[in-house]
Amino acid sequence: MTEALRTRLAEQLRGLEGVVESPSAFGPGGAFWCNGKEIAHFDSDSVVDLRLTRAVIRELRATLRDDARVELRRGTSDWLEVRMSSSDDVGFVFELAERAAAAHRAGAGETPRLPPGGADLERRRRFH
């Protein structure tokens, strides 16, 4: 079941405006990037890390803190972790991913940056 949820969420993420799939800076798997920033990757079939930004997390903190699917990081962080176990969870994660993409999209008239590759990606991986 969880692999099917992961597949469904990945398909939805590929359809988000400005989001591209490329290797993760945080591990060997794939990730979803927006304007040169990694905004989502899977830790497993049922766990997704999302880069919402500190501002969005602060805005949603009360709701996120009270949701058993969400694990906030200690201190301040752009990232949070979400566990999926049902179709409803996929919709919830997708809504958060939409917020993440919106927070990172290039502004009007700006050219979106591409995900890093090659030596630049390897350099980023060394720091994580």
Distance, nearest 0.5 Å, that separates CZ of F32 from CD of Q12: 10.5 Å

With sequence neighbours excluded, residues passing ring pair (Phe, Tyr, Trp, His ring centres under 6.0 Å) with H104: none

salt_bridge(E59, R99) N-O dist < 4.0 Å: yes

same_hphob_cluster(I39, V20) at 4.5 Å side-chain heavy-atom cutoff: no

OG-CG distance between S46 and L9, expressed to the nearest 0.5 angstrom: 12.0 Å

R69 to F92, cation-pi by 6.0 Å centre distance and 45° axis angle: yes

Derivation of the salt bridge (Lys or Arg N to Asp or Glu O under 4.0 Å) call for R51 and E38: CA-CA 7 Å; R51 177 183 264 159; E38 185 167 339; over 6 Å; no

Heavy-atom side-chain proximity of R105 to N35 below 4.5 angstrom: no

Side-chain heavy-atom pair F42, V47 within 4.5 angstrom cut-off: no

Close side-chain approach of R14 and E11, heavy atoms under 4.5 Å: yes

Side chain to side chain, V90 and M84, heavy atoms closer than 4.5 Å: yes

Over all atoms of both residues, closest heavy-atom pair of L5 and S85: CD1-C, 3.5 Å

R73 bridged to D49 by N-O distance under 4.0 Å: yes

Pair H41 and W33, ring centroids less than 6.0 Å apart: no

For the student: nearest non-hydrogen atoms of C34 and A101, plus distance: SG-O, 3.6 Å

Nearest-0.5 Å distance that lies between atom OG1 in T53 and atom CG in L50: 11.5 Å

For R8, all residues meeting side chain to side chain donor-acceptor pair (under 3.5 Å), sequence neighbours excluded: S87

Closest heavy-atom pair and its distance - V82, L96: CG2-CD1, 4.0 Å

Note, D43 side chain near V48 side chain (heavy atom, < 4.5 Å): no

Exercise: identify the closest heavy-atom pair between E3 and D45: CB-OD2, 3.7 Å

Donor-acceptor under 3.5 Å (D67 side chain, T63 main chain): no

Over all atoms of both residues, closest heavy-atom pair of L121 and S24: CD1-O, 3.9 Å

Any side-chain heavy-atom pair of L52 and L80 under 4.5 Å: yes

Exercise: identify the closest heavy-atom pair between S77 and I57: O-CD1, 3.3 Å

